[in-house]
K.L.:
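Right, I'll just put the structure down here and ask away after.
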2 protein chains.
Amino acid sequence: MQMAKSKDKNTEEQILIAAKSVFQSKGMNGARMQEIADNAGINKAMLHYYYRSKQLLFEAVFNHAFSLLAPQLNAILNDDASIEEKIKNFTLNYTTFMMKHPYLPNFIIQELNRNEDFIEKLKENTGFPNLEKFKINVQEEINQGLIKPIDADQLFVNIIALNIFPFLGKPLIKALTNKDEKSYKTFVESRKSDVANFIINSIKNT
Amino acid sequence: MQMAKSKDKNTEEQILIAAKSVFQSKGMNGARMQEIADNAGINKAMLHYYYRSKQLLFEAVFNHAFSLLAPQLNAILNDDASIEEKIKNFTLNYTTFMMKHPYLPNFIIQELNRNEDFIEKLKENTGFPNLEKFKINVQEEINQGLIKPIDADQLFVNIIALNIFPFLGKPLIKALTNKDEKSYKTFVESRKSDVANFIINSIKNT
DNA sequence: ATATTTGTTAACCAAATGGTTAAACCGCAT
DNA sequence: ATGCGGTTTAACCATTTGGTTAACAAATAT
């Protein structure tokens, strides 16, 4: 029977929390099993006891991270609001969420670039974001004359680029714009609405 | 005196070429000195003969990479064309350039995130991009009523976000938009003008 | 020619690292 | 109390990895 349930559950979770922290800030290649163990306050052998190998532990962390990102993207893709509403909601929600998980975008982008095969597995998951509905919505609003003609893929990439980049390029942007941590935060905060307005200004018919 | 100049020069350069290739595709943590040596077709000891340590070899590669990026940014910041012209030129030039060096943006962003202190050294270099002139230009055009009011920092970030992100998020975008290598290339090619129009549409007064 | 400096290599080294093992530990059922 | 299953640890192991060394080769200066 399972016993010491509270205890083992706790250890397994502690490991995942520690692994998240280390993998997300250092990446697969930079992460050290010993550091994860120290971080979780346990013996290194426990990592292998619960998750066989570094690779599998990494995948547990990565899949969890991606499972946080995917719903954010689906939010804009699969609801029935107008394009304008979608963009406003997405920009606000996504930025708010990422300010709480600032390592997430970088981690995912970095690891997807490290191993291109990796995303193939993700595509098979149910819940992997699908653009079909968004494309239809865009086409409808173009036909109705609400927005200017634009390729839906391009629009989608523009939306996520404007929202994600401040988290990917933070060190670069901070240096280029001479901002300290505090003013950078204000800067990103402001983008919660600025970015939506910027996009809508561009595509909306007057 | 210096001798065997052609030969040593050649080896040193071969090392840098190989190091560029390996560091840019695998990052500092993922790169292996042995792989660089193999790639350059020389003995591993040569790497240390010419560049003392992995760290110094990495910095040589990184500084060179950044010295390719910086002029791209300066191009938009320090000329006297109108904002509209600047954006058009930058978008075309930057995308054209990066299609030839697709690993560059990712490499720089990734390594700046790995070591935040790193950018401090870069800031000291002459030629580190400076936004002052761009800010003035933007303010002038706003005052003249040519473009809508917008914070110059936000505009700048939007411009580079839209241009850089397709190279950072390539695996993700490819998967989300169901594009293969060829159609992704077409997609990015199209952005050479699409992105400029998108931005200008947003900020230009009619 | 030959001494000297520079370039190159194979062999080696110490530290780090992912992973394993055997024994100890702990809560519980009998 | 004893046995048993899951849990935890210290010690250990093999491999990888950045880096060094000592000897050798090649080019140049004298």
Side-chain angles (χ1 to χ4, degrees), chain A residues 1-63 107 110-111 114-115 118, chain B residues 1-64 107 110-111 114-115 117-118:
Chain A
M1 291 282 97
Q2 288 187 318
M3 61 206 63
K5 183 143 193 181
S6 71
K7 211 179 182 190
D8 83 347
K9 182 89 192 195
N10 211 304
T11 300
E12 194 169 346
E13 205 173 308
Q14 286 305 314
I15 291 175
L16 207 59
I17 292 170
K20 246 185 264 181
S21 160
V22 175
F23 276 127
Q24 290 187 13
S25 66
K26 310 214 167 168
M28 172 66 172
N29 286 328
R32 295 291 162 253
M33 295 296 267
Q34 188 60 59
E35 187 180 356
I36 295 173
D38 293 347
N39 220 294
I42 49 131
N43 188 287
K44 183 163 65 88
M46 290 276 83
L47 302 179
H48 296 93
Y49 180 76
Y50 285 102
Y51 300 85
R52 278 178 50 93
S53 68
K54 186 184 184 185
Q55 178 64 26
L56 288 174
L57 178 54
F58 171 78
E59 286 177 18
V61 170
F62 186 88
N63 289 332
F107 174 64
Q110 183 180 330
E111 298 302 330
R114 191 176 58 82
N115 183 357
F118 217 55
Chain B
M1 290 281 97
Q2 289 188 320
M3 60 206 66
K5 186 143 193 180
S6 71
K7 211 178 180 190
D8 84 348
K9 182 90 194 196
N10 211 303
T11 299
E12 194 169 345
E13 204 173 309
Q14 286 305 314
I15 291 175
L16 206 61
I17 292 170
K20 244 186 266 183
S21 161
V22 174
F23 276 127
Q24 290 187 12
S25 67
K26 310 214 168 168
M28 172 67 171
N29 286 328
R32 295 291 163 255
M33 294 297 266
Q34 187 60 60
E35 187 180 357
I36 295 174
D38 292 348
N39 221 295
I42 47 129
N43 189 287
K44 183 164 66 88
M46 289 276 81
L47 301 179
H48 296 92
Y49 180 76
Y50 285 102
Y51 300 86
R52 277 178 52 95
S53 69
K54 185 184 185 186
Q55 179 64 27
L56 288 174
L57 178 54
F58 170 79
E59 286 176 18
V61 170
F62 186 87
N63 289 335
H64 179 262
F107 174 64
Q110 183 180 329
E111 297 302 329
R114 191 176 58 83
N115 183 357
D117 307 321
F118 217 55

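No hydrogens, no waters, no symmetry mates; every other heavy atom, side chains included, goes into these values. Chain letters run A, B, ... following the sequence lines, proteins first, then strands; residues in each count from 1.
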K.L.:
Can you check the B:I36 CD1 to D:dG19 P distance for me, whole Å?
P.N.:
10 Å

K.L.:
Tell me: CG of B:N10 to P of D:dA27, nearest whole Å?
P.N.:
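It is 13 Å, rounded to the nearest whole Å.
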
K.L.:
Please identify each residue that fulfils salt bridge (charged side-chain N to carboxylate O under 4.0 Å, His left out) with B:K20, with sequence neighbours left out.
P.N.:
none

K.L.:
Are OP1 or OP2 of D:dT7 and a side-chain N or O of A:T11 less than 4.0 angstrom apart?
P.N.:
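It does not, given that no N or O in the side chain of A:T11 lies less than 4.0 Å from OP1 or OP2 of D:dT7.
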
K.L.:
Please report the C-alpha distance between B:K26 and B:R32 in whole Å, then the side-chain angles of each, then the deciding distance to 0.1 Å, and finally whether the side chain to side chain contact (heavy atoms under 4.5 Å, CB included) criterion is met.
P.N.:
CA-CA 9 Å; B:K26 310 214 168 168; B:R32 295 291 163 255; over 6 Å; no

K.L.:
Measure from the side-chain N and O atoms of A:K54 to the backbone N and O of A:M28, and report whether any donor-acceptor pair falls under 3.5 Å.
P.N.:
yes

K.L.:
Output one letter per nucleotide in nucleotides 16-24 of chain C: B when a protein non-hydrogen atom lies under 4.0 Å from the base, S when only the sugar-phosphate is that close, - when neither is.
P.N.:
-SBBBB---

K.L.:
Can you check side chain to side chain contact (heavy atoms under 4.5 Å, CB included) on A:L16 and A:Y51, steps first, answer last?
P.N.:
CA-CA 10 Å; A:L16 207 59; A:Y51 300 85; 3.5 Å; yes

K.L.:
Write down the distance between CD (A:Q14) and P (D:dT7), rounded to a whole number of angstrom.
P.N.:
15 Å

K.L.:
Within this structure, what is the CZ-to-P distance between B:F58 and D:dG19, rounded to whole angstrom?
P.N.:
13 Å

K.L.:
Do we see a donor-acceptor contact under 3.5 Å between the side chains of B:D38 and B:Q34?
P.N.:
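Note: B:D38 and B:Q34 side chains meet the donor-acceptor criterion.
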
K.L.:
Between C:dC25 atom C1' and A:M46 atom CE, what is the distance in whole Å?
P.N.:
12 Å

K.L.:
Between atom OH in B:Y51 and atom P in D:dG18, what is the gap in whole Å?
P.N.:
17 Å

K.L.:
Check this one for me: any side-chain N or O of B:Y49 less than 4.0 Å away from OP1 or OP2 of D:dG19?
P.N.:
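Looking at the OP1 and OP2 atoms of D:dG19, neither is under 4.0 Å from any side-chain N or O of B:Y49.
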
K.L.:
Applying ring-ring contact (aromatic ring centres under 6.0 Å, His included), name anything that partners B:F107, two or more places apart in sequence or on another chain.
P.N.:
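B:F107 satisfies ring-ring contact (aromatic ring centres under 6.0 Å, His included) with B:F58, B:F62 only.
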
